[in-house]
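Lettering follows sequence order; numbering is per chain, from 1. When reading the values below, keep in mind they use all heavy atoms of this one structure, side chains included, and skip hydrogens, waters and symmetry mates.
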Number of protein chains: 2
Amino acid sequence: MSILSGAAAVLRLFSVERQELSVTDVARLLDMPKSSASRLLRAMLNQQLLMHAGDTPRYRVGHLIFETSRAYFGHSHLVDLVDGELLELCQATGHTGYISMLDNEDVLVLRVHLGTQPLRVVTPHGSRRKAFATSTGRSMLARLGAAQVDTLTLDHARSEKSPKTHAALEHILGEIRCKGWAEAEDEEIPGVASIAVSIADARKSELLSFCLVFPAHTIAQGERANYAARLVAAARRIAAQVDDPFWTQRHPLKIVAA
Amino acid sequence: MSILSGAAAVLRLFSVERQELSVTDVARLLDMPKSSASRLLRAMLNQQLLMHAGDTPRYRVGHLIFETSRAYFGHSHLVDLVDGELLELCQATGHTGYISMLDNEDVLVLRVHLGTQPLRVVTPHGSRRKAFATSTGRSMLARLGAAQVDTLTLDHARSEKSPKTHAALEHILGEIRCKGWAEAEDEEIPGVASIAVSIADARKSELLSFCLVFPAHTIAQGERANYAARLVAAARRIAAQVDDPFWTQRHPLKIVAA
DNA sequence: ATAAGAGTCTCGTTTTTTGCAACCGTAGTT
DNA sequence: AACTACGGTTGCAAAAAACGAGACTCTTAT
């Protein structure tokens, strides 16, 4: 195991539930000798991938991770615009919301706004999500050309509900282009439904998606139509500020849940 | 140079202005042979510290950085509450705002909201800021005990205006405890003033600060008092939700700019 | 005073990393 | 069509870093 893979493994140990790590934690969780764990954590500390947790010998995520993330996205005007709208939506509906982008064939989550309702969707940490098998992914795929869509590999979907052929996917993407929003239910996450819209700043080649996720069995079709309408309205407000023709050059749509 | 220091150096090359890197970029910027750069970037890609920029041979920041940052802070209820308030403040005033935490003796910036005014403060990327020499840092230091404050090293300040002795610092922190907000001018960043408040979620041992920064010469004292009042009001609203006794157990203060 | 556990350090060995130089693929120029 | 330039990759021997066992230190609990 190279030291870089060891460092990556350490970073993956952090989570909302595990904000600090000790030498013994790392040795145990990564099944490595204590001396190796001690040196690895010390080396990561020196590079600011980790920092000390106060005066304790425990370690926390370091400056470099936040600085890299922030330098990369902390100044995105589009992310800020979306963030403001999504925050309001999550507060109003009580559901969790995500802001994501495409990473080749996967969805990369940038921001999360947790819902406030007792029954809440929490995404498994670090899991990779295929774009074609999620509403948020499909909302962004709808902005790609057919040539790009045809190169996607449509396997490893967790649900029978995900499209299995490029023709089926193109059909769904056509619907999304028409109505402006995407939905998924019982696909990537069992028992969970989601509704997503996309937004782009063409001048900066930035394409994002934001969505609401909720337990599928608790939300009626009428309420889902309401969520879709609010997401579309939010996307339109953002689009007016960044001049996204996907929204600004389309007629107001009749919002109908499938 | 160990591969870990090389990887950290690569991550530091990213910025708002530099969202992608090629092998040649890294070789040139880090003064290393092309083969070393090629293999280093490939190794980082394999560990998801980097990802490919579409079909090009260029690299972008990878999943692991965002996942680590998000897993660590993306779910912070306190950060979300502060973020919502700060977003509104920045939109209302047009100035840049930061959300930060303490990292031992330094300030670690978590979120940035850029202002909208033409004359805007932009913090140098990756710079370390001493807590005792910034308003946002002092607002958090005001919540520490005297014993902890006395262990701080009060050197390397960029300005003569920063406190030089622990007695002087304690005096300033006493004022901050009394009025609830901190200010700085011409200290860490020449020509720039800032006003900050702190907020804590004691149940989760989370201490944050948020602030507005602006060019010092353009804002009159009366307007600064207005900013301080709005920051205090925002802190109070958050404090009511997380039960922060620093705010909820103090009388409404007369807001007076020093 | 003793035991247990967390964490550090030494040192010989092993593994990884390095950089030179050659090479490949692509694009532009003649 | 041939040549040049550039970005990026690969083989290989050498150099450097990393490894892990085991001894050690320090702290805490009994």
Side-chain angles (χ1 to χ4, degrees), chain A residues 1-15 17-62 64-65 68 103-104 147-148 151 205, chain B residues 1-15 17-62 64-65 68 103-104 147-148 151 205:
Chain A
M1 173 187 267
S2 85
I3 195 171
L4 206 61
S5 66
V10 168
L11 292 178
R12 289 195 178 90
L13 294 177
F14 287 104
S15 66
E17 297 79 22
R18 185 185 288 133
Q19 299 258 305
E20 290 181 7
L21 286 169
S22 67
V23 169
T24 303
D25 289 334
V26 171
R28 180 170 54 81
L29 291 163
L30 299 185
D31 195 23
M32 64 166 56
K34 279 190 304 172
S35 52
S36 301
S38 177
R39 247 197 300 275
L40 175 57
L41 292 175
R42 178 64 56 109
M44 291 176 75
L45 181 75
N46 287 342
Q47 298 307 323
Q48 295 184 356
L49 289 163
L50 297 177
M51 66 182 176
H52 268 309
D55 288 328
T56 76
R58 297 175 74 79
Y59 296 83
R60 303 175 80 103
V61 175
L64 188 54
I65 300 298
T68 305
D103 165 21
N104 297 316
Q148 282 177 280
T151 66
S205 303
Chain B
M1 173 185 267
S2 87
I3 194 171
L4 208 61
S5 66
V10 168
L11 292 179
R12 287 191 179 93
L13 293 177
F14 288 104
S15 67
E17 297 80 19
R18 184 185 289 129
Q19 302 253 305
E20 291 183 5
L21 286 169
S22 67
V23 168
T24 303
D25 290 334
V26 172
R28 179 171 54 83
L29 292 163
L30 299 186
D31 194 24
M32 64 167 54
K34 281 190 306 170
S35 50
S36 301
S38 176
R39 256 192 292 266
L40 175 56
L41 293 174
R42 177 63 55 111
M44 292 176 73
L45 180 74
N46 287 341
Q47 298 306 323
Q48 295 182 357
L49 289 161
L50 296 176
M51 67 184 178
H52 269 308
D55 287 329
T56 75
R58 298 175 73 79
Y59 296 83
R60 304 175 80 103
V61 174
L64 187 53
I65 300 296
T68 306
D103 167 20
N104 295 320
Q148 284 177 279
T151 66
S205 301

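- Between B/R58 atom CZ and D/dC6 atom C1' there is a gap of 14 Å when expressed in whole angstrom units.
- Within the 4.5 Å cutoff, side-chain heavy atoms of A/L29 are placed close to those of A/R18.
- From one end of the helix from C/dA1-D/dT30 to C/dT30-D/dA1 to the other, with five pairs defining each end axis, the axis direction shifts by 30° (rounded to 10°).
- Ion pairing between a basic and an acidic side chain is recognised when a charged N comes within 4.0 Å of a carboxylate O; A/R28 and A/D25 show such pairing.
- Pairs of residues two or more places apart, or lying in two chains, never qualify as ring pair (Phe, Tyr, Trp, His ring centres under 6.0 Å) while including a residue from residues 19-40 of chain A.
- Here the nucleotide nearest the side chain of B/P57, chosen from D/dG8, C/dT16, C/dT8, is D/dG8.
- Computed from coordinates, the B/L40 CG to C/dT16 C1' distance equals 13 Å when rounded to whole Å.
- The side chain of B/T24 approaches D/dG7 more closely than any other nucleotide in the set D/dA18, C/dG7, D/dG7.
- Under the rule for a salt bridge (charged side-chain N to carboxylate O under 4.0 Å, His left out), B/R42 has no partner lying at least two apart in sequence or in another chain.
- Every residue was checked against the side-chain hydrogen bond (donor to acceptor under 3.5 Å, both in side chains) condition with A/S36, not counting sequence neighbours, and none meets it.
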Any N/O pairs under 3.5 Å between the protein and nucleotides 26-30 of chain D? List them or say none.
none

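- Residues forming a side-chain contact (heavy atoms from CB on, under 4.5 Å) with B/P57 (at least two apart in sequence, or on another chain): none.
- In terms of phosphate contacts, B/S38 brings no side-chain nitrogen or oxygen within less than 4.0 Å of OP1 or OP2 of D/dG8.
- Regarding B/M44, its CE atom lies at a distance of 13 Å from the P atom of C/dT17, rounded to whole Å.
- One interatomic measurement links the two molecules: NE2 of A/H52 to C1' of C/dA6, which rounds to 14 Å at whole-angstrom precision.
- A search for side-chain contact (heavy atoms from CB on, under 4.5 Å) contacts involving B/S38 returns B/V23, not counting sequence neighbours.
- Between atom CE of residue A/M51 and atom CZ of residue A/R60 there is a gap of 6.0 Å, rounded to the nearest 0.5 Å.
- Considering only side-chain N and O atoms, B/S2 lies nowhere under 4.0 angstrom from the phosphate OP1 or OP2 of D/dA16.
- Rounded to an integer number of Å, the gap from A/L4 CG to C/dT15 P is 19 Å.
- The side-chain contact (heavy atoms from CB on, under 4.5 Å) search around A/R39 returns A/S35, not counting sequence neighbours.
- Atom CD1 in A/I3 sits roughly 7 Å away from atom C1' in D/dA18 (whole-Å rounding).
- Regarding B/D25, its CG atom lies at a distance of 11 Å from the C1' atom of D/dG7, rounded to whole Å.
- In this structure, CD in B/Q47 is found 12.0 Å from CD1 in A/I3, a value given to the nearest 0.5 Å.
- Among residue pairs with one or both ends in residues 38-57 of chain B, those qualifying as ring pair (Phe, Tyr, Trp, His ring centres under 6.0 Å) are B/H52-B/Y59; sequence neighbours excluded.
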Pairs under 3.5 angstrom, nitrogen or oxygen only, protein versus nucleotides 20-29 of chain C, please.
| from | atom 1 | to | atom 2 | distance (Å) |
| --- | --- | --- | --- | --- |
| C/dC20 | N4 | B/S35 | OG | 3.0 |

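- Here the P atom of nucleotide D/dA18 and the CG atom of A/L41 are 14 Å apart, to the nearest Å.
- The side-chain heavy atoms of B/L13 and B/L30, taken from C-beta on, include a pair separated by under 4.5 Å.
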